[in-house]
Amino acid sequence: MIEIGVVLAGGTGSRLLPLTKRLNKHLLPVNGQPMLHWPLRTLAMLGVTRAVVVLGGQSCGEVIEHFGTRYDTGDGSLDLVYVHQDGAGGIPAALQCAFPTLEAMHADRVVVILGDNVFPAVPRHLRGELDGADDNAVVLAKYVPDAASYGCVAIGPNETTIGMELVEKPIVPPPAGAAWAAVLGFYALPMFHLRGVLRSLVPSARRELEIVDVLDAYRRKGMLTVLPTTATWIDAGDPPGYREANDTAFWSRS
Ligand code: G1P
């Protein structure tokens, strides 16, 4: 199976203004490295050797200058190709930008990580779970106190997923006996179904295509594996997350 990483680093970083007025969000320092180093390192630690980086927003050229076409993360190297995303449109729109390049690379499966999602360590067993997933899409889910600020899946006792749709930033309570768990910005998606799934999407109320709708399309086909995780994780794309990602306490939790 040809597995290609995809790092989604488009967007303007508006939640981190004024830091991102001129500088690409993914170059902001996080624990002594530009933010984008961390998702690239996560992919490398999973054994991924080639990745497509979708760029957008300010100073994209500086991102390319920094990371180049072969990047040594210190925990494995990656060959990188870059794709530019004009405007926003949501995570699936960024995947659509990457799609022709992924086809040209003959990808069978893509391992997608958001450019502002930081994991100090690769969750144990993740590589094995990805290898065992066959044609299923895989997503990580974690209980966090502010789960409703993220894409969510309802998880019941014994970490069983409740058979209901995934929801982006739910405003309704979870089903009885379940709790909302945040869907982390890490997804493995088989290419075979991805084109059709991306074409079937309609914009949400916030006028974006939503990654939860991509995952839900796989769920409806019976092709979604939700992996509950306790891995240390942070979405560094807003001020509280950015501060936490730079906090030594965050790194000592891994
Ligand atoms: C995005 C996704 C959401 C996911 C989150 C993880 O949210 O839409 O499903 O849980 O990343 O970081 P956004 O950063 O656009 O609010």
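Every number for a ligand or one of its atoms is a count from 1 in the order of the listing.
The protein heavy atom nearest to atom 8 (O) of ligand 1 is E168 OE2, 2.9 Å. In terms of protein heavy atoms, atom 7 (O) of ligand 1 is closest to K169 NZ, 3.4 Å. Atom 12 (O) of ligand 1 has as its closest protein heavy atom D235 OD2, 2.9 Å. The shortest contact between atom 14 (O) of ligand 1 and any protein heavy atom is with R15 NH2, 3.3 Å. Nearest non-hydrogen protein atom to atom 1 (C) of ligand 1 is I91 CD1, 3.9 Å. Atom 10 (O) of ligand 1 has as its closest protein heavy atom V183 O, 2.6 Å. Looking at atom 11 (O) of ligand 1, its nearest protein heavy atom turns out to be L114 CD1, 3.3 Å.
The proximity of K142 to ligand 1, defined as any non-hydrogen pair under 4.0 Å, does not occur for either the backbone or the side chain. Of the heavy atoms in D116, none comes closer than 4.0 Å to ligand 1. In R206, the part holding a heavy atom less than 4.0 Å from any atom of ligand 1 is the side chain.
The N117 neighbourhood of ligand 1 comprises atoms 6 (C), 12 (O), with distances under 4.0 Å to a heavy atom of that residue.
Applying side-chain contact (heavy atoms from CB on, under 4.5 Å) to L215 and the options L166, V226, V197 leaves one that passes, L166.
Applying the side-chain hydrogen bond (donor to acceptor under 3.5 Å, both in side chains) criterion to E244, with sequence neighbours excluded, gives R253.
In this structure the side chain of W180 reaches within 4.5 angstrom of the side chain of V172, judged on heavy atoms.
In this structure, R207 places its CZ atom where only 12 or fewer heavy-atom neighbours from other residues, nucleotides or ligands lie under 6.0 Å away.
A continuous path of hydrophobic side-chain contacts links F186 to L78 [ILVMFWY only; heavy atoms under 4.5 Å].
Atom-to-atom distance recorded for N24:CG and T12:OG1 is 10.0 Å, nearest 0.5 angstrom.
Under 3.5 Å, the side chains of H66 and Y71 contain no donor-acceptor pair of N or O atoms.
With W251 contributing its side chain and N246 its backbone, the two residues share no donor-acceptor pair below 3.5 Å.
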